[in-house]
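Right, one structure below, let's go through it.
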Protein chains: 2
Amino acid sequence: MAAQQARSFSARQFSCEKCPLRPLKVFREFEKEELAFVSKFKKGELAVDKGATVLVEGNHSAHLYTVLSGWGFRYKLMSDGRRQILNYLMPGDLIGLQGSLMGEMQHSVEALSPLLLCMFERDQLHELYRNYPGLAYDITWIASREEQMLDENLLSVGRRTALERAAYLIAFIGSRAKTVGLNGKQAIEIPITQQHIADTLGLSLVHTNKTLRKLMDRELIIWRDGGCEILDVDGLMRLARWEGLSEVLRPLV
Amino acid sequence: MAAQQARSFSARQFSCEKCPLRPLKVFREFEKEELAFVSKFKKGELAVDKGATVLVEGNHSAHLYTVLSGWGFRYKLMSDGRRQILNYLMPGDLIGLQGSLMGEMQHSVEALSPLLLCMFERDQLHELYRNYPGLAYDITWIASREEQMLDENLLSVGRRTALERAAYLIAFIGSRAKTVGLNGKQAIEIPITQQHIADTLGLSLVHTNKTLRKLMDRELIIWRDGGCEILDVDGLMRLARWEGLSEVLRPLV
DNA sequence: CGACAAGTTGACGCACGTCAAGGCCGGTGG
DNA sequence: CCACCGGCCTTGACGTGCGTCAACTTGTCG
């Protein structure tokens, strides 16, 4: 429970025009004006330590963030401590939209690795909607994509067996990571503990461990020093009966 | 598996200005201009029979709908027939936003009762974003609310026991129904079968039945002729450790 | 050196799933 | 009119997937 709040704020080091993410081919091109506005919209960067909490359920956040680099996750807690991880966050993902729109966060966000965030001010969201309909559309698009991922996660937790669930989750994270170029040197390594997986799948830690072992025995993944490496994405997808991500151009705000 | 496609299209019978939903106090007031645009945006009404399929996973839908009256649900199927119900739809809810934004529907929608829908054309969504930022904001808001509901459902399926899950689900549906004035004569009756509940909770039909019996024995609900009536919402919420819906003004498109 | 976080493994129990049978009811056709 | 059927709910018996408990390992950091 070392829920540190370690953060550090800094002025921008990455200008939006030279955003390291934007060249990725998953992201759609922006108009010059849009880019200029986003650049103005951006108020700075926030560096968050691994394991630190970015946003807390119940709080009102004045900010909206985009992940510039690193991994994180969204989760909810029950009063007796049960935790459900809702989704993972990686570069290009938006954080805190719910809070910005509806006032109060209904989930928390924690960093899985050192996390670098672009910070935006909630108040300017209205200006964005007023003057940049294309960006507004993009934000809705992003919200809709999150919903789509949640749908699939819900299907998984509700209807897949433990083995299928684990296979799905790892294939899912791996696929997402790949689209944003997170493959270290060929293979993708996911900075996650088995406890995280358990809390995502709705399983106990022990049973998660035994399930992952089966995946390892089948040579679909290997687990090593606090992370997971995928050996055979297609095998995982077949096992989980999962079709994969739809490959479409995404907006990046 | 009588997945009929029974629908009937008709010109509008309800003008947006006299929308029976809008007077409800959960919905925020609209500007005159917004209302005028929505009215122009609306292309007619669609009546769907109970049990009929409104939208099918994998299809490209040219339309966007708002529920005017009746109940429905969103769900996903796996290739071997396992079904996961994702959420329920009631008056004021938007249908088909994912399809309109991202091209392809990733879930299906079915009517639980006779359903009356307002129909909008996807192509005009861009115009809406260009000229009515307030409405655009509202649509994002609605998408965000859906995400919030999914978060809670995921927590439920992942981390609550069968009894808690059932209690949560019924309290959740009942609360939502109440905010849109769906209480028949005092009590709320939910037009749903136990199979639906099972497919929502990620449980088997048999175990769902036994779980509901426990709720009945505790006098929290009663089950009758193809529906569920809530006796004690607070009791259900306490049992599920659920805080309830946040009570905020919603937009209605 | 101890302390702690993360992973591993076996033993055992329970909350679920599965199978099977039957009841109730409305609809349909003889 | 009854006979039959299919949808929905109900209940018991039994099996199993997963949870819980507990002990041990390994690596890391002080």
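Order of the sequence lines sets the chain letters (A, B, ...), proteins ahead of strands, with each chain counted from 1.
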Contact nearer the 5' end of DNA chain C, comparing B:Leu163 with A:Ile192: A:Ile192

Stepwise side chain to side chain donor-acceptor pair (under 3.5 Å) test for B:Asn87 and B:Glu146: CA-CA 9 Å; B:Asn87 203 359; B:Glu146 179 72 21; 3.1 Å; yes

Write down the distance between [atom1] ([X]) and [atom2] ([N]), rounded to a whole number of angstrom.
X        : N      : atom1 : atom2 : value
B:Asp199 : C:dC16 : CG    : P     : 17 Å
B:Leu203 : D:dC9  : CG    : P     : 15 Å
B:Leu205 : C:dA15 : CG    : P     : 20 Å
B:Lys214 : D:dT10 : NZ    : P     : 15 Å
A:Arg224 : D:dT25 : CZ    : P     : 25 Å

B:Glu104, CD atom: more than 12 neighbouring heavy atoms under 6.0 Å: yes

Sugar-phosphate, base or nothing in reach of B:Gly202, heavy atoms under 4.0 Å: sugar-phosphate

Touch class at under 4.0 angstrom, heavy-atom based, for A:Thr211 against every strand present: nothing

Results of side chain to side chain donor-acceptor pair (under 3.5 Å) for B:Tyr88 - residues two or more places apart only: B:Thr200

Report, one pair per line, the protein and nucleotides 12-15 of chain D atoms (nitrogen or oxygen only) whose separation is under 3.5 Å.
residue, atom, partner, partner atom, Å
D:dG12, N7, B:Lys210, NZ, 3.3
D:dA13, N6, B:Lys210, NZ, 3.4

Close side-chain approach of A:Gln194 to A:Val206, heavy-atom, < 4.5 Å: no

Within-4.5 Å side-chain heavy-atom neighbours: B:Leu169 and B:Asn153: no

B:Gln194 side chain, from C-beta outward: closest of C:dC16, C:dT18, D:dT10: D:dT10

B:Asn209 or A:His207, whichever maps to the more 5' nucleotide of DNA chain D: B:Asn209

Aromatic ring proximity A:His63/A:Phe120, centre distance under 6.0 Å: no

